[in-house]
Amino acid sequence: MKKTVGVGKSHSKIILMGEHAVVYGYPALAIPLHQLEVTCQMTYMDMDVLWSMEYLEGVVSEAIRSACAYLGTYDWLNLVAEVRSSIPEQCGMGSSAAVAIAVIRAVFDYYDRELTADVLEDLVNQAEKVAHGNPSGLDAKTCLSDEPIVFRKEVGFETLPVELGAYLVIADTGLKGQTSQAVAQVASLGQEGQVLLSQLGDLSEAFIAGLAQVDLSALGGLMIQAHALLRQLGVSCLEADHLVAVAQEAGACGAKMSGGGLGGCVIALTDTEVAAQAISQKLREEGAVNTWIERL
Ligand code: PMV
């Protein structure tokens, strides 16, 4: 039985450590961000709908198409998605995976069909692949999880409590991130890139292992080293480098770019909420177009 309106929801994510290295099998640590959400309402329009090419080639239509194909229905051209999102696009916060999740949930809700976690993840990755190339699966996994996760491509994931009693400041450089271009650029580096990726992998392992000690300056030091390696890989940008330096000068234990890069967000680790607010303020004064504070 079809409903009048199907509803779906998702939250965003941010990568703490391991972007790019994760594409090559090294671990990445990412956390869900419940403060940034996307919702989708799905309705049926019984007439010809004129879609733009941008819509037809985008993640929303891919998500509707993959969900309808799974359900064995050919209505997908008549399903209209109204998507509301507080997640900035192309910013390293998983907006496209989150949108795909909300849309697929809304399609299943519209048809009043059960959606298992495995099927959802599979359909999200299908939609992301068509719309964005070859994602590692980290974004989808973290947007589907309520807990921080350690993700290893082709091995799997585990949830990992992150209880540092600390704060993460997230700052948007205002430049759109270019994940697929950055991933292609890293691939073109050959052997030189592999050495840097393996070092990044070691830093992720050390960060994950170090969480239990709750030593913020040690963890921050690993973030700073990771940022330097990401710069060497050529995936940072002047704006991100500047904001990382600003966060460190403002007293952060560590800071780095997050996500695919060539734009997008930086993250900074600090111990108290007051310090997080001061760093956030400084980052805004120095060019960040938006900031968020997340308890870690
Ligand atoms: O830009 P984001 O947040 O989608 O993160 C991309 C992370 C990469 O490791 C660069 C790519 C991937 O598929 O994991």
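Since this is a predicted model, take the numbers as computed values, not measurements. What you see below is based on every heavy atom in this structure, not just the backbone, and it leaves out hydrogens, waters and symmetry mates.
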field: K282/E249 ion pair, N-O < 4.0 Å
entry: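 Not counted as a salt bridge, because no side-chain N and carboxylate O are separated by less than 4.0 Å.
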
task: Could you tell me whether K13 and E19 make a salt bridge, using a distance below 4.0 angstrom between a side-chain N and a carboxylate O?
output: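 So K13 does not pair with E19 through a salt bridge.
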
Distance (rounded to the nearest 0.5 Å) between [X] [atom1] and [Y] [atom2]:
X: L219; Y: M223; atom1: CG; atom2: CE; answer: 8.5 Å
X: K153; Y: L138; atom1: NZ; atom2: CG; answer: 11.0 Å
X: D271; Y: Y167; atom1: CG; atom2: OH; answer: 10.0 Å
X: L36; Y: S10; atom1: CG; atom2: OG; answer: 11.0 Å
X: L230; Y: M257; atom1: CG; atom2: CE; answer: 5.0 Å
X: Y110; Y: I64; atom1: OH; atom2: CD1; answer: 11.5 Å

Got a donor-acceptor contact below 3.5 angstrom from the [X] side chain to the [Y] backbone?
X: S145; Y: K141; value: no
X: N78; Y: M45; value: yes
X: T173; Y: G264; value: yes
X: H11; Y: E37; value: no
X: K256; Y: L16; value: yes
X: D215; Y: A218; value: yes
X: S204; Y: P27; value: yes

Determine whether [X] and [Y] make a side-chain contact, defined as any pair of heavy atoms from C-beta on separated by less than 4.5 Å.
X: L120; Y: L144; result: yes
X: L168; Y: I293; result: no
X: T291; Y: I170; result: no
X: L160; Y: E147; result: no
X: K9; Y: V38; result: no
X: L175; Y: C237; result: yes
X: I101; Y: R105; result: yes
X: E294; Y: I14; result: no

Closest non-hydrogen atom pair, [X] against [Y]:
X: C265; Y: D172; result: SG-CA, 3.9 Å
X: S95; Y: Q90; result: OG-N, 3.9 Å
X: T142; Y: P32; result: CG2-N, 3.7 Å
X: L79; Y: M42; result: CB-SD, 3.9 Å
X: D241; Y: S236; result: OD1-OG, 2.7 Å
X: G234; Y: L262; result: O-CD2, 3.5 Å

Would [X] end up clustered with [Y] when hydrophobic side chains under 4.5 Å apart are linked, directly or stepwise?
X: V7; Y: I104; answer: no
X: I279; Y: L164; answer: no
X: V162; Y: M93; answer: yes
X: L216; Y: I31; answer: yes
X: I208; Y: V22; answer: yes

message: Looking only at the side chains, is there a donor atom on one of Y26 and D202 sitting less than 3.5 Å from an acceptor on the other?
response: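 Not at all, the side chains of Y26 and D202 share no donor-acceptor pair under 3.5 Å.
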
- prompt: Do E285 and Q281 meet the criterion of a side-chain donor-acceptor pair at a distance under 3.5 Å?
  reply: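 Present: a donor and an acceptor within the cut-off.
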
Above 12 or not: heavy atoms from other molecules or residues under 6.0 Å from [atom1] of [X]?
X: Q35; atom1: CD; answer: yes
X: R284; atom1: CZ; answer: yes
X: E114; atom1: CD; answer: no
X: K2; atom1: NZ; answer: yes
X: Y70; atom1: OH; answer: no

field: Candidate pair I149 and L29, rule side chain to side chain contact (heavy atoms under 4.5 Å, CB included), full reasoning
entry: CA-CA 6 Å; I149 63 160; L29 173 64; over 6 Å; no

Residues I224, Q248; criterion side chain to side chain contact (heavy atoms under 4.5 Å, CB included); working and verdict: CA-CA 9 Å; I224 292 165; Q248 282 179 251; 3.4 Å; yes

task: Evaluate side chain to side chain contact (heavy atoms under 4.5 Å, CB included) for L233 paired with L197, printing each intermediate quantity in order.
output: CA-CA 8 Å; L233 280 173; L197 289 161; 3.9 Å; yes

task: Verify side chain to side chain contact (heavy atoms under 4.5 Å, CB included) between F157 and R152, making sure each step is shown before the conclusion.
output: CA-CA 6 Å; F157 79 104; R152 287 181 175 83; over 6 Å; no

